[in-house]
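Treat the numbers as computed from the prediction; the structure is a model and nothing was measured. Sequential numbering from 1 along the given sequence is applied to the chain's residues. When a ligand or atom number is given, it counts from 1 through the structure's own listing order.
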Amino acid sequence: MAENQSFIIPMTKDRIRKEDKKILASKAVDVNQLIPIKYDWAWQYYLDGCANHWMPQEVSMQRDIEQWKDPMAFNDDERHLLKRNLGFFTTADTLVANNLVLAVYRYVTAPEVRQFLLRQAFEEAVHTHAYQYIPQSLGFDEGELYNMYREVPTLHAKAEFEASLTQDLLDPSLNPATLEGKQKLLRNLIGYYGVMEGLFFYGAFVMLLSFGRTNRLPGMCEQVQYILRDESMHLNFGLDLINAIKDENPELWTPEIQKEVTGWFENGVDLETAYTKECLPNGLLGLTHEMVAEYIRFIADRRLEKLGLKKLFNNAKNPFPWMSEQIDLRKEKNFFETRVTEYQTGGSLNWD
Ligand code: FE
């Protein structure tokens, strides 16, 4: 059992005070009391995440299926691009979910922060569901997609980098209550929220959403838009969490770790650039691999800035201003007008 939390519940009249709460505890603490809330920002992320609830099977794939069956509707390069990015996501959200539940959750001891981690873990399950539903609807070879992260070198390189950070935290001799444990957690969070959800996901989002910009695969694109909205919240929560941990534990944020994680962004951009080149060898859908690589450099600098680190690519520009509209997707969409109320009533139990 981790030494930063206790499941021995003593009889006592000593109540938990806000000041007793820590995001990462150094001694055993009570992890069961949400109230009093100390980290209001984390609770707000949880509420905002719940307000965005959606499920994949509520989005019709009918038009996508008709389009996909039409031999004239997609050329070979487009089919390859779609397959690669779906292949990436079939296992990417699962890697994130496993990392949250098996590695991160054990370290974070504030219940209100855990509340968002639980919500996020569920959203990763919804995304994994969407990336199962889309290829199944279109009749893809599922074995091929699910094994891409072991068979395609550019995809394997990304997955391996992330998985090694999870493996680091799973080491049974690592104690979450120690400086070493907390520092490894901080590295893990930057690798997952900053590089995986912050860089790798965005290259694939741009490539998938480009189909929608040519009026194709509307059901897939609608789901990817909801996923992008969820993911932009995961990203912002993650960077806020990392910064809050740095503020609470300044001793973790050494020049060595700053240098190391900055190097990951550099390396992450290289991995994503190689991946994009393989996905998109020829220009397509109004985008080229050079444009996607430029976008990745642009967002890498934004992530670094938010973490208080020096930018790497000062001159990078955003070639896809339309991506910010996608992220700011509002609930006015028909889907939500019809569905949100149904969640409220459809979820109520009938005892008759
Ligand atoms: Fe996520």
Side-chain angles (χ1 to χ4, degrees), residues 41-42 44-56 85-105 107-108 113-134 149 155 158-159 161-163 165-166 169 185-209 220-245 264-265 268 271-272 275 296 299-300 302-303 306-307 323-324 326-329:
W41 55 270
Q44 192 57 47
Y45 271 112
Y46 165 77
L47 296 174
D48 292 346
C50 294
N52 285 344
H53 189 69
W54 69 283
M55 290 301 287
N85 285 295
L86 291 176
F88 166 66
F89 276 128
T90 51
T91 42
D93 283 272
T94 314
L95 279 165
V96 174
N98 283 331
N99 185 64
L100 281 178
V101 174
L102 297 172
V104 173
Y105 196 83
Y107 281 74
V108 171
V113 183
R114 283 189 163 184
Q115 193 76 4
F116 184 79
L117 295 176
L118 292 169
R119 172 74 207 177
Q120 185 189 343
F122 173 68
E123 288 178 8
E124 304 302 355
V126 171
H127 303 170
T128 297
H129 179 176
Y131 294 121
Q132 179 273 341
Y133 172 58
I134 297 165
Y149 83 141
L155 234 154
K158 298 199 288 181
F161 166 69
E162 298 299 337
L165 293 172
T166 307
L169 286 195
L185 172 78
L186 191 63
R187 293 165 79 253
N188 176 292
L189 295 174
I190 295 171
Y192 270 95
Y193 285 112
V195 181
M196 179 69 140
E197 296 189 295
L199 295 188
F200 296 162
F201 276 30
Y202 279 75
F205 285 142
V206 165
M207 290 187 261
L208 287 179
L209 289 170
M220 175 191 79
C221 288
E222 188 174 339
Q223 292 174 71
V224 173
Q225 283 179 312
Y226 297 136
I227 293 172
L228 171 59
R229 184 180 55 183
D230 295 342
E231 288 300 341
S232 68
M233 205 176 284
H234 301 177
L235 169 69
N236 287 319
F237 165 84
L239 299 181
D240 285 350
L241 174 63
I242 292 161
N243 285 332
I245 291 173
W264 291 353
F265 281 92
L271 292 177
E272 190 61 15
Y275 166 75
I296 299 300
I299 60 174
R302 295 185 59 181
R303 313 300 182 239
K306 180 118 192 242
L307 292 173
M323 275 294 280
S324 38
Q326 306 274 338
I327 294 165
D328 296 336
L329 180 75

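Judged by distance alone, with hydrogens and angles left aside, the side-chain atoms of R187 form no donor-acceptor pair with the main-chain N or O of L165 at under 3.5 Å.
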Practice prompt. List the steps and the verdict of side-chain hydrogen bond (donor to acceptor under 3.5 Å, both in side chains) for D93 and T128.
Written response: CA-CA 6 Å; D93 283 272; T128 297; 5.3 Å; no
Practice prompt. Go through the steps to decide whether L117 and V104 satisfy the test side-chain contact (heavy atoms from CB on, under 4.5 Å), and finish with yes or no.
Written response: CA-CA 9 Å; L117 295 176; V104 173; 4.1 Å; yes
Practice prompt. Take E162 and Y149 through the test side-chain contact (heavy atoms from CB on, under 4.5 Å) and record every step on the way to the result.
Written response: CA-CA 12 Å; E162 298 299 337; Y149 83 141; over 6 Å; no
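Taking the six-membered ring where the residue is Trp, the centroids of F122 and H53 are separated by under 6.0 Å. Less than 6.0 angstrom separates the ring centroid of F89 from the ring centroid of F205.
Neighbours of the Fe ion (ligand 1) restricted to protein N, O or S atoms under 2.8 Å: the count is 5.
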